[in-house]
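Structure first, then comments.
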Amino acid sequence: MAQISLQNLRKIYPNGFEAVQPTNFDIADGEFVVLVGPSGCGKSTLLRMVAGLEDITEGSLSINGRQVNNVDPADRDIAMVFQNYALYPHMTVRKNIGYGLKNRKTAPAEIEAKVQEAAKMLNLVEYLDRKPSQLSGGQRQRVAMGRAVVRDPALFLFDEPLSNLDAKLRHQMRIEIKSLQRRLGVTSIYVTHDQVEAMTMADRIIVLNGGQIEQIGTPAEIYHAPASTFVASFMGAPPMNLVEGRLDTGQVMIGDGIALGNAEGTGPVTVGIRPEDVELNDQGSLMFTVDLVEELGAHRLLHGRLAGQPFTVHVGKEVVVGAGDAAVNIKPDSIRLFDVETGAAR
Amino acid sequence: MKRAGFTTRWLPILLLLPQLLIIAVFFYWPAVHAVQSSFFLQDPFGFGSSFVGLDNYRDLAGSGEYIKIARFTLLFTVLVTFFSLGLALLLAVKADNVIRGARSYRTLLMWVYAVAPPVAGFIGLLMFNQSWGPLTEMARAIGWDFKLGVNFNDTATAMVIVSVWKQVPVNFIFFLSGLQSIPKSVREAALIDNRSAVGRFWDVTFPLLAPTGFFLLIINITYALFDTFGIIDTLVKGEPGNNPMTLVYKVYVDGFRGNDLGGSSAQSVVLMVLVLALTVFQFRLIERRIHYT
Ligand SMILES: Nc1ncnc2c1ncn2[C@@H]1O[C@H](COP(=O)(O)OP(=O)(O)OP(=O)(O)O)[C@@H](O)[C@H]1O
Ligand SMILES: [Mg+2]
């Protein structure tokens, strides 16, 4: 169990590239934090600094109040699950899982007991004597999990552990990892670029962009009150609709004087509307032109234009629509406003 | 795997022919010849030969000198192989850790690779020159009166040193690429699992290098047994006298200096059997173990 604290943590690679700008956040004991962001935004770099695999350029990293900037990875009481699992190819599953314990001077009988326990938890018992090359991707993933779980560390670190699995297995492992973490109560940092993983697994999400934190918040906060247009368009599938509008006489306007709701201020503004906050309604005051219907089984996505700007609407499977014009309503209080220049929420 | 096939039968044979011809002319034909002449006693003046059966082999087994040279060859092979592999591994591990200027270190270390054995031997001669060789002077500084070509042990030492020096770069290249083919994340996982660098080396790096190491072991044994001929010949300046020599060099000395073609052929047959055994051993082990993925 552990609390983690990052103070002005910064990473500049030897080539001068600043991969992580000074970053601050705290993680509470037992919390599951997901770092999410597009490729190259510095997620892995940040995680690897916490693991001790990458030098910290500036700032301070503490685990349970102890500064660990210069502590060896093996002495930080962490366990990490890598994207490609990083299993030892020449060791059996049993040895892979037990290797970390062996080097921590655990008695052989105790190692065996703990390996058995971990294997049982992860359904690996019958594979203990196999080499990693004789396992499927999903089984390897479990071994990597076993290697982390067996040591009962203060902190789990995951770097996109599910990205090499097929969609079905990914879904299943997502639930398993989450429930395992719940059960063990180990503080965790989980890196992913998949916003669905982030939404479903996290207690708290940290959205990174270009080496900078865009927003920290619970999945609900991130989804309903994105701090910037970046977060708005990154989180959610399909993403939030962002349309050009303006503030005029206490109203939010788009297109040729279509009022969407009330808001103070004047001048141009970016208007954000979640696709599911729009309903088709014959009495609707807005005209939405449907160009394309995307059939997804449980629901449909209608891609088209609202006031001449690209727009997507999410409707239930019972709503039958074809291409053409449809009257829509926007749910009250569902409109988000962002600054046109900075993209920050207003 | 997809098998690509030729449409005509003659094309593959035609393409293989030059290689087969070279092997036949330079390997099978002399080999058959050697086996044949090992059963004959040649007249020293080349006037004729008489069939003597296994006499040549019996002579070999009974010859104290031959046994002595065989023992020396064994020791020489063990030393050259051990030090070539050990030093190369050490250098490769160090070079692998270097991040800055890695390329230039590697290039410098690989240069010796391009030196031909007799040239290596010649450089050895210079280094061990009796009056001004730097290595001789170094030996003298620690009270060792080094006499290349005169003292048996000193000459043997020089042979081992030069042979190792010549072979280290080859091993280095293989070990380095072996090290670099170990996934970075596997090493990082070990970094988290084991705080001891030495422990990580023996538990993770070394076993993962085993396929490379085993391949190199065979290559190095073969090198020490056969390819050191040029070095030895240069170091003893073609005058074996009482100097140490290996079995291959003895084949040459007996056959071409002593004109004992029969005895020399018997010796080559013994060496051929040795190579065959090594090859079988290699294939067996490669098939059985050391495949991880
Ligand atoms: N050793 C390095 N030297 C210089 N720049 C690096 C180095 N490693 C990574 N970078 C750069 O730092 C940035 C962040 O890399 P990082 O691996 O943390 O991205 P990421 O968010 O994990 O991306 P992905 O989702 O693709 O894994 C990238 O722009 C990358 O090019
Ligand atoms: Mg990454």
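Each chain gets a letter, A, B and so on, in the order the sequences are listed, and its residues count up from 1. Computed over heavy atoms, backbone and side chain alike; hydrogens, waters and symmetry mates excluded.
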Within-4.5 Å side-chain heavy-atom neighbours: A:L155 and A:V186: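 Contact flag for A:L155/A:V186 side chains = no.
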Inset, instruction - State plainly whether the residues A:D203 and A:R182 are in salt-bridge range, i.e. N to O under 4.0 Å. - result: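 Yes, charged N to carboxylate O under 4.0 Å.
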Part of [X] within contact of chain B (heavy atom distance under 4.5 Å):
| X | value |
| --- | --- |
| A:R151 | side chain |
| A:K102 | side chain |
| A:L87 | backbone |

Does any N or O in the side chain of B:R200 come within less than 3.5 Å of the main-chain N or O of B:N194, such that one atom is a donor and the other an acceptor?
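A pair under 3.5 Å: yes.
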For this session: Please check if the side chain of A:D166 supplies one atom and the backbone of A:L169 the other of a donor-acceptor pair under 3.5 Å.
Result: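 Yes, because the side chain of A:D166 sits within donor-acceptor range (under 3.5 Å) of the backbone of A:L169.
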Checklist entry - With chain B, which of A:R147, A:R76, A:M91 has the greatest number of heavy-atom pairs at distances under 4.5 Å? => result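 Among the listed options, the one with the most contacts to chain B is A:R147.
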